[in-house]
Amino acid sequence: MKIELLDKLRQKNPIAFNISNFVTVQDVANGINAIGASPIMSEEENESEAMVNISHSVTVNLGAFTEGQLKQIAAVTKFANQYHKPIVLDPVAVGAVKYRLDRCNELLDNVDVAVIRGNAGEIAALADVEWQAKGIDAGEGDADLEAIAKALANKRNCVVVLSGKTDIITNGQAVIRVYNNTDLFKLHVGSGDMLSSIIGTFVAIEDDYFEAAQVAATVFATAGEIVANQMQVPLAGSFGPQLIDELHLISVADVEHTAQFD
Amino acid sequence: MKIELLDKLRQKNPIAFNISNFVTVQDVANGINAIGASPIMSEEENESEAMVNISHSVTVNLGAFTEGQLKQIAAVTKFANQYHKPIVLDPVAVGAVKYRLDRCNELLDNVDVAVIRGNAGEIAALADVEWQAKGIDAGEGDADLEAIAKALANKRNCVVVLSGKTDIITNGQAVIRVYNNTDLFKLHVGSGDMLSSIIGTFVAIEDDYFEAAQVAATVFATAGEIVANQMQVPLAGSFGPQLIDELHLISVADVEHTAQFD
Amino acid sequence: MKIELLDKLRQKNPIAFNISNFVTVQDVANGINAIGASPIMSEEENESEAMVNISHSVTVNLGAFTEGQLKQIAAVTKFANQYHKPIVLDPVAVGAVKYRLDRCNELLDNVDVAVIRGNAGEIAALADVEWQAKGIDAGEGDADLEAIAKALANKRNCVVVLSGKTDIITNGQAVIRVYNNTDLFKLHVGSGDMLSSIIGTFVAIEDDYFEAAQVAATVFATAGEIVANQMQVPLAGSFGPQLIDELHLISVADVEHTAQFD
């Protein structure tokens, strides 16, 4: 894995355009900024082309799900395809709400995305596999998670990141597993949103999206683990700012020393 | 008081649907998650029925106050009544802005709510009592706060939580007082929003809403007091993440040991 | 410089109405509260007059940039002029997106503002000076920043705060420079938004807007420097809550002791 992409990211400082989940937008912007990219956010359809033009990648989070935002997302993703800016899609809660699943599938029928990042319930729903999602959480099921992730990657011709205790990253053939050795990500709302946007910063500077997604997931998992290792007890609230601290401080050597993947 | 409801909450891990105040939504989601429930948020009317269906309670915060959101709130609360999911209402700034008071009273004329949680200025306005509110803050007045809270509880046939230095919780007859021995809640924007949403998690697992509201207010007050007791000086910013830390760490024994109520 | 305005602010505790950047609204509200004012936020045009009426100043952040919000901003700023409540304008990203620049100039053609606070790229764009902005960041250019700030102040007949490593504050003739001796403001998304809203609290209690803007920028810079001086390494995430801690704790004597300006 090319962990040194982290240095390239910081040197290039790309502009990462995000249509964000309104619940977690502030944390996500700070995470993007801390790791070494420049976040820009918008909710206005009329500036779609200009925003895509100045940006190096586009991350679309379906936590932003009003009718107005869906129109903006349609416009932005069309321009992103036209101007060859890679798209990262975060399909929030499509495993729990059929209305969201239908809108998300319509979007995926119309645009090409570089990466889809979701939890097991979300990826299973998009791959048409039975699963029991629970609200915004992954839920539980018996299906083989690697097979689900591969199925979606092949169906939508993109990289899939199925995140959880173990992140499964696949281009449809190869699979990389990144191990998250802390439960604190689950205790912090927006960890998944932040991971999606961090992937958005790496696809902005690396055309091999499978490589970019692996490195993003590995850096993020390692930052979280370093923070968790410094805590005596799990601090659900302090984890947020400290994760952002670490996203700024973490070096290629830190990741190489601590990360666990295969 | 059945403090052990805290253990039941964590065991059941209910889904708490929130139409949130855009100012404080991230903190509120993290507070819900930390105490042991699953938050889900939406701003889209079209998914109202689906969201109510998968949830165990609905918290409506009138900080979300655009015309579009009022339509969503009307739809969501109607479905909540239909599917017997308890509603917690937070009437933000109805004490300061007559437009808000009118919209809020219209809503209360049309739906049954389980709990209303507000500050003195907001509860007084809904109870038609003279009071001098100050923006989003409670303001000052001479009226008897317990009488005001009871009047609103009887008018709207619900539990009322009038929060402040002392939280007054009433079902219209009985009154419980919970003492908040710290000013840090007031220094942190969104403490009231978070309390309303924490009440939303308890009514999701306890049909006696008066009991649920008492325990929620007591757990929340105690968590804040434990955090404050660990500070040499009042840290207005650090209080936010540390309160979320404590909402996750606090045990029934901690509450029983520290809480003050009568 | 009348640093003692900080004591006056805390004594008067004005209501600061903010139309906010959705990315950073929670931090901004906490910053306003911590320094000693009462924040109130709204996204609804129908309550514009009521909100302006109860408030002592209006801060408009163009991170809030949907068509609906532009209508609300037009209504709110018109009422603010009518009721003589000073307006602070934060022209987010007008240096990077022409659509934003055009809407912002339309607004400035129609209303009188007390203070414009932006980074070099934003102020240069509003002053019609060539500059290379970078997304939401200031970017780079060769122009003389003091001349740019003065040009805009004279063009729009207001105080201009061009913030960056050195904050340049001018009424079109005189110039005050405030030195920010830390890079942490740049690492924290929303530092500029927060500065604009802090200026909004000072113009609420001091009719000399040039004086008010200077003191606001100086208090804010000093709070950040005090926080930075307590860190061994730059903590991009912890800086946020600790800055809010310090905005509450900082005294006139602290500012007089540490601030650097000329």
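Below, each value reflects all heavy atoms present in this structure, side chains not excepted, and no hydrogens, waters or symmetry copies. Naming: A, B, ... by sequence-line order, numbering from 1 per chain.
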[atom1]-[atom2] distance between [X] and [Y], expressed to the nearest 0.5 angstrom:
X	Y	atom1	atom2	result
C/Leu235	A/Ile244	CG	CD1	11.5 Å
A/Met51	C/Tyr99	CE	OH	10.5 Å
C/Met231	A/Asp245	CE	CG	7.0 Å
C/Asp102	A/Asn46	CG	CG	11.5 Å
C/Phe65	A/Glu47	CZ	CD	6.0 Å

Top of A/Asn30, A/Ile40, A/Ile32 for chain C proximity - count of heavy-atom pairs under 4.5 angstrom: A/Asn30

Would you mind telling me which of A/Pro39, A/Ala50, A/Ser55 has the largest number of heavy-atom pairs within less than 4.5 Å of chain C? A/Pro39

Identify the two heavy atoms, one from [X] and one from [Y], that lie closest to each other, and give their separation to 0.1 Å.
X	Y	answer
C/Pro234	A/His248	O-CD2, 3.8 Å
C/Val25	A/Gln26	N-OE1, 3.9 Å
A/Leu249	C/Val233	CD1-CG2, 4.0 Å

Measure distances from A/Ser42 to the heavy atoms of chain C and classify the residue's part below 4.5 Å as side chain, backbone, both or neither.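 When you check distances to chain C, atoms from both the backbone and side chain of A/Ser42 fall under 4.5 Å.
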
What part of A/Asn53 lies closer than 4.5 angstrom to a heavy atom of chain C: side chain, backbone, both or neither? neither

Main-chain N/O of C/Glu67 paired to A/Glu44 side chain as donor or acceptor, under 3.5 Å: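 A pair under 3.5 Å: yes.
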
Expected output: side-chain A/Asn33 to main-chain C/Lys186 donor-acceptor under 3.5 Å: yes

So does C/Lys98 have more than 12 non-hydrogen atoms from other groups sitting under 6.0 Å from NZ? no

Are more than 12 heavy atoms, taken from residues, nucleotides or ligands other than C/Lys71, located less than 6.0 Å from that residue's NZ atom? no

Chain A contact via C/Asp27 - which portion, at a heavy-atom distance below 4.5 Å: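 Its backbone and side chain both get close to chain A.
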
